[in-house]
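Inspection log for the structure reproduced underneath, given as structure tokens.
Read the numbers this way: they start at 1 and go in the same order the structure lists the ligands and their atoms. Only this structure's heavy atoms are used, side chains among them; waters, hydrogens and symmetry mates stay out. Quick note: residue numbers are just sequence positions, from 1.
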Amino acid sequence: MHVGHYLYKLGKSTKKAMITIVGAGPAGSYLAYLLAKQGKKATVLEEHNRIGSPVQCTGIVTHSIENFFKLKNEVIAKKLDKVIVVSKNSRIEVNVDEIVMWRDKFDRFVGDMAQNEGVNILLNHKFIGLDGKNTVIAKDKKDNKIKKIKTDVIVGADGPYSAVAKAAGLNSYSINYVGMQAKARLAMDTTAFETYFGSDFPDFFGWCVPESDNIARIGIGCFENAQEHFYRFLKDRTGKKDVLCWESGLIPLYNPKKTIQKGNVYLIGDAAAQVKATTGGGIIPSLKAAQTLCDCIINNKDYNREFKRQSGKELLLHLRIRNLLNKFSDRDYDKLLGLMSKEKVRRILKKYDRDTPIPLVANLLLKEPRFLLFSRMLFA
Ligand SMILES: Cc1cc2nc3c(=O)[nH]c(=O)nc-3n(C[C@H](O)[C@H](O)[C@H](O)COP(=O)(O)OP(=O)(O)OC[C@H]3O[C@@H](n4cnc5c(N)ncnc54)[C@H](O)[C@@H]3O)c2cc1C
């Protein structure tokens, strides 16, 4: 059936359309909240018995999260005003405005927003597959019973392993980083987080983020040999190889060719690889995507096209910067940090956060033309 025809039926029907969202992460819960606010009937299936667990994230976001909602204080672990960027032979401090969240509390905060708007969240419900276009098969993990749920729209907000994407044949073009992260005992400056670049962190970077006075979230992303790189970094940074708990997971690489809608099945968040390829940050892009998808469902718009129109350029720029950085030698990183340490550049980095790369890059080029050396490679 043609997509437009299907959506036309959904938009005009007098009977309330059923929307089933798989996954109560930030993408699924925020989308459910937005749809319910517009009077739509949304049900969320979550396979775990509690929203937000297990944690597989550092939980660091820029202040632009407040463009979506005001965070409750209990969700915030720390506010950081500096990032320390480290390369092989260089180290600089840049002023920033970042929030470190308790990721489990954040997910529950967004889940509560959805429930308060009337969304039905079914915990312990694992999506198993589709039976035709309008039936979701789920397993109730409490009694091991299989349920068939009639629905008009299906949304896969079920993370990087998305079973919905597989069931709908939408899982092509998926490339993921291994994001290996653990909590470790470490007393560090609790107003700053650290990022590490260069040949010891191939294809991505390493991070060390304080969550309290003596515990940090330490991680690396890479395509290969994640354990080896992680343990070396952990030992270098903390002096030990001791881990308090693991918080690892996959980080999808954005791919502009990925199809994120087929008929009445949509993908969002990590399931759609809507992640900034520079940082691996997916929380804010998934909230923005929820706004786009809500609008598409309600107003019969083509989500593949609308998402590209609203977020595609920014995510593509992140991807190009990532591809450029992945060609960098240790010397290139040292040079880049040299440029970033200039006062006029610092002011720009502070003014434009990572979520708005287009004005950031444009202003960097205007104020420090030597960035052209790097940016030429971006579009080569
Ligand atoms: C180590 C690491 C560090 C990261 N750090 C950051 C960071 O600092 N900042 C940032 O912005 N992003 C970070 N990310 C990325 C961020 O965690 C994701 O982009 C974000 O969680 C995407 O949200 P989501 O709702 O799409 O998916 P998820 O948060 O993965 O939520 C998916 C939900 O679906 C449920 N689910 C899965 N399968 C099924 C099924 N079959 N049936 C029912 N339910 C199902 C899961 O239980 C889960 O609740 C990090 C990722 C990793 C791995």
message = Under a 3.5 Å threshold, yes or no: a donor from one side chain and an acceptor from the other, between Gln310 and Thr292?
response = yes

task = Work out whether the distance between some heavy atom of Gly219 and some atom of ligand 1 is less than 4.0 Å.
result = no

key: Val275-ligand 1 polar pair, N/O distance under 3.5 Å   = no

message = Distance under 4.0 Å to a non-hydrogen atom of Ile283: what atoms of ligand 1 satisfy this?
response = 10 (C), 11 (O), 12 (N)

message = If you measure every N or O of Gly59 against every N or O of ligand 1, does any of those distances drop under 3.5 Å?
response = yes

message = Pairs of nitrogen or oxygen atoms closer than 3.5 Å, one from Ala271 and one from ligand 1: do any exist?
response = no

Check: Asp107 and Arg50 side chains under 4.5 Å, non-hydrogen atoms = no

ask   = With a cut-off of 4.0 Å, which atoms of ligand 1 are near a heavy atom of Thr58?
value = 3 (C), 4 (C), 5 (N), 6 (C), 8 (O)

task = Decide ring pair (Phe, Tyr, Trp, His ring centres under 6.0 Å) for Phe204 and Phe223; before the verdict, give the C-alpha distance in whole Å, the side-chain angles of both, and the deciding distance to 0.1 Å.
result = CA-CA 8 Å; Phe204 208 55; Phe223 287 129; 8.2 Å; no

query = Which option, Lys141, Gln181, Gln56, owns the non-hydrogen atom nearest atom 51 (C) of ligand 1?
reply = Gln56

task = Please say whether the positively charged group of Arg91, taken as NZ for Lys or CZ for Arg, lies over the ring of Tyr333, i.e. under 6.0 angstrom from the six-membered ring centre and within 45 degrees of the axis.
result = no

ask   = Does Leu250, backbone or side chain, put an N or O under 3.5 Å from an N or O of ligand 1?
value = no

ask   = Which protein heavy atom lies closest to atom 26 (O) of ligand 1, and at what distance to 0.1 Å?
value = Asp270 N, 2.9 Å

query = What is the closest protein heavy atom to atom 42 (N) of ligand 1, and at what distance does it sit?
reply = Phe127 N, 2.8 Å

query = Tell me, which protein residue and heavy-atom name are nearest atom 13 (C) of ligand 1, and how many Å apart are they?
reply = Cys57 SG, 3.5 Å

task = Report yes or no: does a heavy atom of Ile51 sit under 4.0 Å from some atom of ligand 1?
result = no

query = Can you tell me the protein heavy atom closest to atom 36 (N) of ligand 1 and the distance?
reply = Glu47 OE2, 3.7 Å

query = How about Lys79 and Thr191: does a side-chain donor come under 3.5 Å of a side-chain acceptor?
reply = no

inquiry  = Give me the nearest non-hydrogen protein atom to atom 12 (N) of ligand 1 as residue plus atom name, then the distance to 0.1 Å.
reply    = Gly282 N, 3.1 Å

inquiry  = A side-chain contact here means heavy atoms from C-beta on lying under 4.5 Å apart; do Leu250 and Tyr161 qualify?
reply    = yes

key: Residue and atom name of the nearest protein heavy atom (relative to atom 30 (O) of ligand 1), distance in Å to one decimal   = Gly159 CA, 3.7 Å

request  = Might you confirm whether atom NZ of Lys37 has over 12 heavy atoms from other residues, nucleotides or ligands at distances under 6.0 Å?
outcome  = no

query = Should one rank Gly221, Gly23, Ala157 by closest heavy-atom distance to atom 32 (C) of ligand 1, which comes out on top?
reply = Ala157

request  = Report the relative orientation of the aromatic rings in Phe106 and Phe69; use parallel for angles under 30°, tilted for 30 to 60°, perpendicular for over 60°.
outcome  = tilted

ask   = With a cut-off of 4.0 Å, which atoms of ligand 1 are near a heavy atom of Gly269?
value = 26 (O)

task = Name the closest protein heavy atom to atom 20 (C) of ligand 1, giving the residue it belongs to and the distance to 0.1 Å.
result = Arg103 NH1, 3.8 Å

key: Sub-6.0 Å ring centroid separation between Trp207 and Phe197   = no

message = Quick one, His229 and Pro202 - any side-chain contact, counting heavy atoms below 4.5 Å?
response = yes

ask   = Thinking salt bridges, do Asp140 and Lys145 make one under a 4.0 Å N-O criterion?
value = no

key: Salt-bridge criterion met for Lys327 and Asp332 (N-O under 4.0 Å)   = no

query = If you count the atoms of ligand 1 from 1 in the order shown, which ones are under 4.0 Å from a heavy atom of Gly249?
reply = 53 (C)

inquiry  = Side chain or backbone, does His48 bring an N or O within less than 3.5 Å of an N or O on ligand 1?
reply    = yes

ask   = Hey, which atoms in ligand 1 end up nearer than 4.0 Å to a heavy atom of Glu247?
value = 1 (C)

inquiry  = Between Asp334 and Asn89, do the side chains contain a donor N or O and an acceptor N or O under 3.5 Å apart?
reply    = yes

remark   = among protein heavy atoms, the one nearest atom 49 (O) of ligand 1 is Glu46 OE1, 2.6 Å

inquiry  = If the contact criterion is a heavy-atom separation under 4.0 Å, does Pro26 count as touching ligand 1?
reply    = yes

task = Hey, could you give me the CG/CG distance between Leu253 and Asn176, rounded to the nearest 0.5 Å?
result = 8.5 Å

ask   = Are His125 and ligand 1 in contact, using a heavy-atom cut-off of under 4.0 Å?
value = yes

